[in-house]
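Here the structure is a predicted model, which is why all the values come from computation and not from measurement. Reckoned from all heavy atoms, side chains included, excluding hydrogens, waters and symmetry mates. Both counts, for ligands and for their atoms, begin at 1 and track the order of listing.
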Amino acid sequence: MSQAEGPAVEVSEEVLEALRGASRVVALTGAGMSAESGVPTFRDAQSGLWEQFDPSQLATPEAWRADPPFVWAWYAWRVGLVRSVQPNPGHCALAELADLREVAVVTQNIDDLHERAGSTVLAHVHGSLLDFRCMDCGAPYDGEIEVPTEPVERLDPPTCPECQGDIRPGVVWFGEELPRAAFDDAVAALEALGPGDVCLVVGTSGIVYPAAGLPAVALSAGATVVEVNPQETDVSDMCHLHVRDTAARVLPTLVE
Ligand SMILES: CC(C)NC(=O)[C@H](Cc1c[nH]c2ccccc12)NC(=O)[C@H](CCCC/N=C(/NCCC(=O)O)S[C@H]1O[C@H](COP(=O)(O)OP(=O)(O)OC[C@H]2O[C@@H](n3cnc4c(N)ncnc43)[C@H](O)[C@@H]2O)[C@@H](O)[C@H]1O)NC(=O)OCc1ccccc1
């Protein structure tokens with residue numbers, strides 16, 4: 001695995017030892033995991049999406065009902081952005097780690113970069129940007145979608161061939177319930193961890209619930225919880241060990 005750009009990556013012997021001894025690893029990933037691929041996070045100063053866009057106007061069922069073309073345009077732009085980027089060395093490292101240990105990836109991310117890096121994702125707890133369904137009858141939609149290269153104000157969502165309803169992105173909006181099966185699978189994988197196993201908490205601010213409660217499940221299961229994040233977060237105190245550096249720089253050093 002290529003050496004990361006910039007200053008040497010400092011990963012403590014404790015963290016390396018914890019990974020070496022682990023038979024099972026659950027990786028909980030957030031927007032920071034895809035940041036070095038060029039997918040903006042939500043809350044990072046300046047570059048975060050919620051710095052530029054108002055989540056209540058874009059990521060809620062109410063926003064959709066009020067103005068579907070306005071919301072669809074934003075998600076179609078994000079589809080274009082995700083299609084234009086590549087997995088980073090962090091995504092690739094997690095895929096490689098799965099050849100050495102039992103690794104389950106649980107992600108809040110709606111992109112497909114883990115899968116494109118070769119990982120089998122156990123749960124997309126906030127849905128997927130590349131899954132579409134009818135807002136009215138719920139029928140899955142796999143037709144072509146128009147993808148703007150630049151953010152556009154409005155774009156008509158496709159029409160459902162079954163009921164002529166509007167097609168919506170398969171993501172979980174604020175105020176919407178998480179996909180039950182995915183969330184249950186995530187909790188079950190964390191509860192199955194034990195002493196000697198590891199939960200990696202990578203690139204999440206730990207602000208959005210119920211996903212932000214997942215590290216606590218690993219903690220009470222007795223696993224070693226390791227945070228990989230350049231910043232302190234709302235879940236840092238649920239983690240035993242912290243690596244204050246980026247996903248693409250740190251995760252490759254854990255593959256041994
Ligand atoms: C804002 C927050 C307070 N609000 C919530 O949590 C709400 C309300 C709520 C529920 N329970 C609560 C309890 C307390 C308080 C509030 C609530 N939760 C909900 O609404 C959830 C739904 C939440 C899901 C919303 N959808 C998203 N995304 C999809 C859409 C879209 O993407 O457009 S959430 C969105 O933000 C989430 C969190 O963001 P992060 O991934 O953590 O990213 P962030 O930018 O915040 O942080 C990035 C981090 O990475 C670090 N970083 C940066 N670069 C790097 C790098 N290179 N390497 C490593 N790390 C890096 C940074 O330092 C930073 O720490 C992501 O998951 C992302 O998916 N639904 C629900 O509760 O439904 C109920 C219900 C129950 C039954 C029946 C009906 C209803």
Could you find the nearest protein heavy atom to [atom] and give me its residue, atom name and distance?
atom                    : answer
atom 3 (C) of ligand 1  : Ile207 O, 3.8 Å
atom 39 (O) of ligand 1 : Arg43 NH1, 3.1 Å
atom 80 (C) of ligand 1 : Gly175 O, 3.2 Å
atom 56 (C) of ligand 1 : Gly32 O, 3.2 Å
atom 41 (O) of ligand 1 : Ala31 N, 2.8 Å
atom 66 (C) of ligand 1 : Gln108 OE1, 3.6 Å
atom 18 (N) of ligand 1 : Tyr209 O, 2.9 Å
atom 70 (N) of ligand 1 : Glu176 O, 2.8 Å

Side-chain ion pair, Arg133 and Glu162, N-O less than 4.0 Å: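 Between Glu162 and Arg133 there is no salt bridge, as every charged N stays at least 4.0 Å from the carboxylate O atoms.
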Test: Glu36 and Arg249 ion pair at under 4.0 Å: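 Arg249 and Glu36: not salt-bridged.
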For a 4.5 angstrom cut-off between non-hydrogen side-chain atoms, does [X] reach [Y]?
X      : Y      : answer
Ile167 : Thr159 : no
Cys134 : Tyr141 : no
Val106 : Val26  : yes
Phe132 : Arg168 : no
Pro179 : Val172 : yes
Leu113 : Met33  : no

Any Ala211 heavy atom less than 4.0 Å from ligand 1: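 No, Ala211 has no heavy atoms under 4.0 Å from ligand 1.
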Going by the order shown, which atoms of ligand 1 are within less than 4.0 Å of some heavy atom of [X]?
X      : value
Gly30  : 41 (O)
Thr233 : 65 (O)
Thr41  : 45 (O)
Gln231 : 63 (O)
Ile110 : 31 (C), 32 (O)
Tyr75  : 30 (C), 31 (C), 33 (O)
Glu36  : 56 (C), 57 (N), 58 (N)

Return the minimal non-hydrogen interatomic distance between [X] and [Y], and the atom names on each side.
X      : Y      : result
Pro230 : Thr246 : CG-CG2, 4.1 Å
Arg43  : Val208 : NH2-CG2, 3.3 Å
Ala76  : Leu155 : CB-CD2, 3.8 Å

Got a second to check how far [X]'s [atom1] is from [Y]'s [atom2], nearest 0.5 Å?
X      : Y      : atom1 : atom2 : answer
Ser236 : Arg244 : OG    : CZ    : 4.5 Å
Arg154 : Trp72  : CZ    : CH2   : 15.5 Å
Asn88  : Leu251 : CG    : CG    : 8.0 Å

Polar proximity ligand 1 side, [X] side, N/O cut 3.5 Å exclusive:
X      : result
Ala59  : no
Thr204 : yes
Ser205 : yes
Gly203 : yes

At a non-hydrogen distance cut-off of under 4.0 Å, which region of [X] contacts ligand 1 (side chain, backbone, both, or neither)?
X      : answer
Arg78  : side chain
Val202 : neither
Thr246 : both
Ala35  : side chain
Val208 : both

Ring pair (Phe, Tyr, Trp, His ring centres under 6.0 Å), paired with Phe53, selected from Phe70, Trp74, Phe42: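 Of all the options given, the one that passes is Trp74.
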Protein heavy atoms: any of them under 4.0 Å from [atom]?
atom                    : result
atom 53 (C) of ligand 1 : yes
atom 21 (C) of ligand 1 : yes
atom 48 (C) of ligand 1 : yes

Between Ser119 and His91: side-chain donor-acceptor atoms closer than 3.5 Å: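 No, no side-chain donor-acceptor contact under 3.5 Å.
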Nearest candidate to atom 25 (C) of ligand 1, where distance is taken over non-hydrogen atoms, out of Val235, Asn229, Val172: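 The nearest heavy atom belongs to Val172.
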Closest to atom 24 (C) of ligand 1 (judged by heavy-atom distance), picking from Met33, His126, Glu177: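 Looking at heavy atoms only, His126 sits closest to atom 24 (C) of ligand 1.
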Whether over 12 other heavy atoms sit under 6.0 Å from Glu14 CD: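 Not buried by this count: 12 neighbours or fewer within 6.0 Å.
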